[in-house]
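Notes follow once the structure below has been shown.
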2 protein chains.
Amino acid sequence: MTAQREDKADVEVKGTQTLMRALDIMDEVIDGPIRAADLARKLGMSKTTAHRLAQALKSRGYLSVTNDGFGLGPKLLELGVMATQQIDYVRVARPFMEKLSEDTGFCVFVGKREGDWSRHLDRVTGRQRLRVATAPGDRRPIAETGLGKALLLDEPEEVWEDLYRQASGGKVSARAMKDYVAQMRVHKARGYVLHDSELGDGVRSIAAPIRDARRQICIALSIASAAHYLTDDIVDDLVAAIVATAGEIGEAVGYRAPRG
Amino acid sequence: MTAQREDKADVEVKGTQTLMRALDIMDEVIDGPIRAADLARKLGMSKTTAHRLAQALKSRGYLSVTNDGFGLGPKLLELGVMATQQIDYVRVARPFMEKLSEDTGFCVFVGKREGDWSRHLDRVTGRQRLRVATAPGDRRPIAETGLGKALLLDEPEEVWEDLYRQASGGKVSARAMKDYVAQMRVHKARGYVLHDSELGDGVRSIAAPIRDARRQICIALSIASAAHYLTDDIVDDLVAAIVATAGEIGEAVGYRAPRG
DNA sequence: GTAAGCGTCCCTCTAAGTGGGGCGAATGAA
DNA sequence: TTCATTCGCCCCACTTAGAGGGACGCTTAC
């Protein structure tokens, strides 16, 4: 338990100056075409070096030459598609989940939508003695859990109604339905879900959707705990932490906020 | 024996061994997760080097660690999305078009679909004195040109019918419609279009669709010339050349053939 | 006209990067 | 269990990869 252990991969790898500089160039070009001379200035390298690295990247298809300097290259299209197919979002999310659990002490979940169900895919248990029993692999009606609701935020209201009716066993009073939809509207506007279990088990959860490169909700993140722990006075801080973490995971899987 | 100069960007850039080796690693990982030791063996570098480079790529998000070794990393999702937005397919296609024109002597076009129209976007003039007048920027009813037909190959037959009717001014005999759809079916099965202009100007064209990373037809490639040049005895060779070039461009913009 | 900016090339020198070697931890066979 | 193999990871001495100064030709702006 060394306190100075780096939990991330932030540990600078020695002996890769050339590679790192080349990747720095990629990071500049991602914002739009840029000239070799500007690259040299921005990154603090000689223009010879910037030129050589950019040419090398171009020769491999990572960059292309446009009228405005170097731009992203076709190889990235190929890599992007393959990455979409191969990358496991849950694996990407795990380190973020661990940090969130470490920071808050709560149990953190991720899950995805499976038709009318929400499937819990991974969990990082927190430091509390009282634990929510939901385990990876568990499936619950999607309209019934905080995680599930977060996965539904982009759906039209009719879908909310259908799934709520379904989760409730078919018959719902007009009043209950109206309340449910109104609540969902609030969740959608806020961008996160605050959910008190209707099963009377005193479980409360906070959930936020994670968006992928297409800005679609692909998975959702949540913390769940006994309402006894998850008290009103700390909810605001937790919401902020969860929304922030969900945003970070989104960025890690390619989400870019509108307008850049 | 360097008989000819390299006309492509194949010119080895000197002074980038580290970068090139790192990109070699990316090329291995693209086929699926691979262990550091296997990378060293496959690429003929010491395991130290393979390990260091892979770690460096991981620290930048280009690779991630899975149970089966190194896999593609989340950074590629981000780069892939940005590349999709920024890359101009026509620019990617140009060098291939130039080579095709050089090899065949014919005039080569690319174009994309704009609703019910096909827009010619770029052209490489061939060596022939008689030139098809179509210029970049020209717009034609999509069902009426070889290029346009190639862009429609993935559409359902009802769309073919609608657009053919539209291009013909609204009224078409049942016989003509049937022939048109039958022809389109043949084109679709073959994967390319052989088109004789119905305007009586003696223009013949061969066109093939180019598919992007999502396997959707994004642009199309064609050669067009006077039927006097584009004779039956050379059509087969030209078709092969065009289909091959269209495939190469597709790969350059991220298309991967099904099944890998 | 001049000047400033660009991309490209060559050459020298040094420190970046290579690879040999070693260590501990898994994994699997005996 | 023990032993053998192979993995990831680390250290360090040698050398060559690559950084950067400088020059040249070209284009654009003034």
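Lettering of chains follows the sequences in order, A, B, ..., and the numbering in each one begins at 1.
- With D/dA19, C/dG19, D/dG8 as the choices, the nucleotide that has an atom nearest any side-chain atom of A/Leu53 turns out to be D/dA19.
- Contact check on B/Asp27 versus A/Lys75 returns a salt bridge, with a Lys/Arg side-chain nitrogen under 4.0 Å from an Asp/Glu carboxylate oxygen.
- Taking 4.0 Å as the cut-off between side-chain N and carboxylate O, B/Arg60 and A/Asp24 count as a salt-bridged pair.
- Residue A/Arg52 contributes atom CZ, which lies 16 Å from atom P of C/dC11 at whole-angstrom precision.
- Side-chain contact between A/Leu76 and B/Glu78 is absent, with no heavy atoms from C-beta onward closer than 4.5 Å.
- Comment: A/Arg35 does not engage A/Asp68 in a salt bridge, judged by the lack of any side-chain N to carboxylate O separation of less than 4.0 angstrom.
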A/Arg123 and A/Thr125: CA distance, side-chain angles, deciding distance, side-chain contact (heavy atoms from CB on, under 4.5 Å) verdict: CA-CA 6 Å; A/Arg123 173 183 66 174; A/Thr125 55; 3.9 Å; yes
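- Residues A/Leu19 and A/Ala37 each lie close to DNA chain C; by heavy-atom proximity, the contact nearer the 5' end of the strand is made by A/Ala37.
- The side chain of A/Lys47 sits closest to D/dA23 out of C/dT18, D/dG18, D/dA23.
- Between the P atom of D/dC7 and the CG atom of B/Asp38 lies a distance of 6 Å, rounded to the nearest Å.
- OP1 or OP2 of D/dC9 lies within a sub-4.0 Å distance of a side-chain N or O belonging to B/His51.
- For the OP1/OP2 pair of D/dC7 and a distance below 4.0 Å, the side-chain nitrogens and oxygens of B/Arg41 include at least one atom meeting the criterion.
- Listed by residue number, the members of residues 24-35 of chain A with any heavy atom below 4.0 angstrom from DNA chain D form an empty set.
- We find that NZ of A/Lys58 is positioned 12 Å from P of C/dG7, with the value rounded to whole Å.
- Rounded to whole Å, atom P of C/dT8 lies 13 Å from atom CG of A/Leu39.
- A straight line from CG of B/Leu43 to P of C/dG19 spans 12 Å, rounded to a whole angstrom.
- For B/Thr18 and C/dT18, the shortest distance from a side-chain N or O to OP1 or OP2 is below 4.0 Å.
- The CZ-C1' distance, from A/Phe70 to C/dT8, rounds to 11 Å in whole Å.
- Residue B/Thr48 is classed as a base contact, given a heavy-atom separation below 4.0 Å to a base.
- Checking the phosphate oxygens (OP1, OP2) of D/dG18, no side-chain nitrogen or oxygen of B/Gln17 falls inside 4.0 Å.
- Note: CZ (A/Arg21) to C1' (C/dA16) measures 10 Å, nearest angstrom.
- For A/Thr49 and D/dG18, the shortest distance from a side-chain N or O to OP1 or OP2 is not below 4.0 Å.
- Not one N or O on the side chain of A/Thr245 forms a donor-acceptor pair closer than 3.5 Å with the backbone of A/Leu100.
- Rounded to a whole Å, the CG atom of B/Leu57 is 13 Å from the P atom of C/dG17.
- For the pair A/Trp117 and A/Lys112, the minimum side-chain heavy-atom distance is 4.5 Å or more.
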